[in-house]
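I have placed the structure first, in the form of structure tokens, so that the comments after it can refer back to it.
In this text the structure is predicted, and so the values were computed from the model without any measurement. In the text below, chain A, chain B and the rest are named by the order of the sequence lines, each starting its count at 1.
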2 protein chains.
Amino acid sequence: MHDVAALAGVGLSTVSRVVNGDVKVSPAKTLAVENAIRELGYRRNDSARHLRTGAAASIGLLIESIADPFFSLISQAVEEVALSRDSLLLSASSHQDAARARRMVLAFCSRRVDGLIITPSEDQSIDYLRTELTAGVAMVFIDRPVPGLDVDTVLTDNVGGAMSGVEHLIAHGHRRIACITDRAGLYTSSHRIRGYRNALAAAGIPFDPALVYSADDTTDTLAGPLTSMLDAENPPTALFTANNRSTIGALRVMGGRHNRPALVGFDDFELADALSPGVTVVAQDPLAMGRMAAELLFRRLDRDTSPPQTITLGTRLITRGSGEQRP
Amino acid sequence: MHDVAALAGVGLSTVSRVVNGDVKVSPAKTLAVENAIRELGYRRNDSARHLRTGAAASIGLLIESIADPFFSLISQAVEEVALSRDSLLLSASSHQDAARARRMVLAFCSRRVDGLIITPSEDQSIDYLRTELTAGVAMVFIDRPVPGLDVDTVLTDNVGGAMSGVEHLIAHGHRRIACITDRAGLYTSSHRIRGYRNALAAAGIPFDPALVYSADDTTDTLAGPLTSMLDAENPPTALFTANNRSTIGALRVMGGRHNRPALVGFDDFELADALSPGVTVVAQDPLAMGRMAAELLFRRLDRDTSPPQTITLGTRLITRGSGEQRP
DNA sequence: TTGAAAGCGCTAACAG
DNA sequence: CTGTTAGCGCTTTCAA
């Protein structure tokens with residue numbers, strides 16, 4: 001910048017003004033500066049700019065795993081909003097590791113990002129979040145709330161969505177409906193299980209704990225338990241899989257079986273329509289979730305001080321055949 | 001930091017030393033500083049640190065689309081390597097938009113990231129990349145090379161992979177094999193088409209242009225052309241789909257048809273094994289690509305000045321049934 | 001072992 | 001309209 005000013009024969013501030021598109025610069029000097037910039041291959045150092053202005057023009061996104069389509073769609077939506085606001089995206093995956101989540105959030109904060117969008121981990125203290133929050137860092141939670149922290153949050157209607165899926169099965173004559181989830185303690189799983197139970201209760205179907213299976217790592221461990229459930233004396237005639245990975249895991253297990261039970265899965269996935277029968281799902285809208293979270297965040301960065309809000313997005317039942325099979 | 005120093009009754013440099021784990025600080029002062037830090041909720045400003053030291057501790061990743069599983073796996077691998085090097089990841093998607101790609105790369109450069117991993121756009125000048133390169137920015141290209149720029153690059157063996165897929169079809173008795181791609185001009189597509197032609201030639205099968213279809217946007221436009229190709233007088237008995245999206249598009253189109261042709265797709269995808277028949281694919285290894293690109297980059301950041309290298313990763317034919325169907 | 005001071009590249013008063 | 005100047009928060013000689 002110093003060199004540019006020297007070459008153009010102007011002061012530092014004139015260079016700064018030209019770079020930032022300030023109008024009050026004479027055309028002659030503007031031109032001289034632009035030429036010098038081109039000549040020297042100058043590019044503004046945003047790090048220094050950030051230090052001076054306090055605006056990082058970047059936000060941090062912490063999700064569970066970028067390899068999960070649900071989260072990569074959220075990520076895409078956040079990126080679009082950030083782009084439209086000339087903000088860059090720092091992103092990280094926690095992989096359900098609370099220590100890692102903490103580390104990444106603190107790293108973002110050290111960078112002084114303008115704000116944070118976080119899928120909170122559930123298995124550890126979130127004191128550090130409270131610290132940052134009181135330090136004035138803008139934050140939006142997505143997919144799960146954090147108990148005790150009153151912060152903007154974007155959620156899916158897990159209970160209602162699960163209910164609609166299970167009701168669909170019940171409407172098609174099923175009364176023995178199994179529920180497959182990953183870790184039952186997780187926010188989304190527990191809410192979807194609640195929706196499942198609500199739907200059963202509303203239909204006067206007794207809850208049978210033997211029909212609920214929760215795993216730590218669905219992909220690896222689902223095969224055994226699910227097989228024995230299906231081979232049991234009084235097997236379920238339908239399955240409600242409470243998340244993406246459970247649905248796909250169940251499809252794998254059932255691939256080799258005849259007499260497959262009906263299936264409704266929570267969360268849509270690619271090729272759900274190309275399987276036969278097509279897989280009926282309770283679809284979330286990850287793009288909308290990401291977009292709303294980002295918009296909420298930028299609204300805060302624009303000094304909106306209204307009370308924190310929680311947005312709950314509805315789900316959509318997409319019927320493709322697998323849930324319509326009668327027992 | 002100033003406040004911390006005051007509260008602890010030490011100088012600025014002592015605070016700096018404690019924060020950075022410098023050993024030459026007396027235990028008493030170390031303790032005092034640590035307490036002050038905790039009390040004040042101090043956190044080092046990495047932006048200022050960056051300005052002073054010149055090390056951003058972050059890298060930029062530009063891919064085509066984070067919503068594409070191929071790229072999200074690359075992204076995941078890059079993130080892991082970055083994490084292990086205490087580096088943050090700035091990420092952006094170009095969506096095949098050269099102007100957007102340019103904008104994001106320049107934004108990364110303005111942030112003075114330590115290095116860049118880029119899936120280059122093919123449809124516009126890359127002069128700006130040359131500029132940054134000569135300015136000394138470390139760079140690795142992934143998935144496609146940039147003609148005229150001698151830079152570290154990680155590629156898939158597109159020609160060899162496509163050949164192996166088509167050879168598989170030929171080995172199962174097919175002689176009329178269609179090739180479906182997205183834009184034929186793209187680097188990967190053109191190489192895979194070359195592999196397709198090589199395999200035909202090696203088997204003495206004449207090349208029929210009527211059996212090659214290239215689209216701009218596979219998902220939307222594949223249905224019509226593919227249907228008419230399959231309904232033509234002398235239809236193909238097998239399909240080679242040269243990328244992920246073409247494979248999935250073709251599966252959708254063929255879903256409603258009886259007498260489906262055999263199929264081999266380039267690039268693996270989730271549930272390829274759950275369809276019936278399972279979809280035989282030429283699998284790439286996006287995780288390895290991302291890992292190698294990131295390792296290459298960090299090696300450069302560690303001042304490795306050996307000549308730029310191009311790493312070409314082999315493919316793996318995964319047979320699941322769809323390619324083994326005889327005509 | 002410690003502190004004072006210079007300065008990374010930039011912006012924003014402020015004075016002209 | 002333009003240049004000078006004072007920092008933003010940090011690290012790093014350099015002396016003490």
(message) Using whole Å, what does the distance between atom P of nucleotide C/dA12 and atom NZ of A/K24 come to?
(response)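 That distance rounds to 14 Å.
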
(message) Tell me the interatomic distance from B/N45, atom CG, to C/dC10, atom C1', rounded to whole angstroms.
(response) 14 Å

Considering residues at least two apart in sequence or located in another chain, which fulfil the salt bridge (Lys or Arg N to Asp or Glu O under 4.0 Å) criterion with [X]?
{"X": "A/R85", "result": "A/D302"}
{"X": "B/R100", "result": "A/E79, A/E80"}
{"X": "B/R300", "result": "B/D152, B/D304"}

List the atom pairs, with distances to 0.1 Å, where a side-chain N or O of residues 136-146 of chain B and a protein N or O form a donor-acceptor pair under 3.5 Å, not counting sequence neighbours.
from	atom 1	to	atom 2	distance (Å)
B/R144	NE	B/P120	O	3.0
B/R144	NE	B/E122	OE2	3.2
B/R144	NH1	B/E64	OE2	3.2
B/R144	NH2	B/E64	OE2	2.7
B/R144	NH2	B/P120	O	3.0

(message) Quiz question: by atom type and distance under 3.5 Å, do the side chains of B/N243 and B/T188 form a donor-acceptor pair?
(response)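 Looking only at side-chain atoms, B/T188 and B/N243 do not form any donor-acceptor pair under 3.5 Å.
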
(request) Taking the side chain as every heavy atom from C-beta outward, state whether B/F298 and B/S87 have any pair of such atoms under 4.5 Å apart. (result) yes

Please tabulate, for the side chains in residues 51-60 of chain A, all donor-acceptor contacts under 3.5 angstrom to protein atoms that are two or more places apart in sequence or on a different chain.
from	atom 1	to	atom 2	distance (Å)
A/T53	OG1	A/R49	O	3.0
A/T53	OG1	A/A55	N	3.2

(message) Let me spell it out: for each of B/S26 and A/M1, pick the nucleotide of DNA chain C with the closest heavy atom. Which residue's pick is nearer the 5' end?
(response)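 It is B/S26, whose closest nucleotide lies nearer the 5' terminus.
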
(message) Pick the closest DNA chain C nucleotide for B/R112 and for B/T30 by heavy atoms, then say which residue is nearer the 5' end.
(response)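 Closer to the 5' end of DNA chain C: B/T30.
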
(message) Any base atoms under 4.0 Å from B/V19, or only sugar-phosphate, or nothing? Heavy atoms, all strands.
(response) nothing

(message) Mind checking if B/N20 touches a base, just sugar-phosphate, or nothing, with heavy atoms under 4.0 Å?
(response) sugar-phosphate

(request) Tell me, please, which residues at least two apart from A/E39 pass side chain to side chain contact (heavy atoms under 4.5 Å, CB included). (result) A/L7

(message) Going 5' to 3' along DNA chain D, between which two nucleotides do contacts with chain A fall, using a heavy-atom cut-off of 4.0 Å?
(response)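 First and last nucleotides in contact are D/dC1 to D/dG9.
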
(message) Which residues pass the side-chain hydrogen bond (donor to acceptor under 3.5 Å, both in side chains) test with A/D150, not counting sequence neighbours?
(response) none

(request) Using side-chain hydrogen bond (donor to acceptor under 3.5 Å, both in side chains) as the criterion, list what pairs up with B/S94, not counting sequence neighbours. (result) none

Could you list the protein-to-nucleotides 4-7 of chain C atom pairs, N/O on both sides, closer than 3.5 Å?
from	atom 1	to	atom 2	distance (Å)
C/dA4	N6	B/S13	OG	3.2
C/dG7	N2	B/R52	NH1	2.9
C/dG7	N3	B/R52	NH1	3.4

(request) Can you tell me which residue pairs pass the salt bridge (charged side-chain N to carboxylate O under 4.0 Å, His left out) test with a partner in residues 7-23 of chain A, sequence neighbours excluded? (result)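 Residue pairs passing salt bridge (charged side-chain N to carboxylate O under 4.0 Å, His left out), neighbours aside: none found.
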
(request) State, to the nearest 10°, the angle formed by the axis through the first five base pairs of the helix from C/dT1-D/dA16 to C/dG16-D/dC1 and the axis through its last five. (result)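 Terminal axis comparison yields 40°.
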
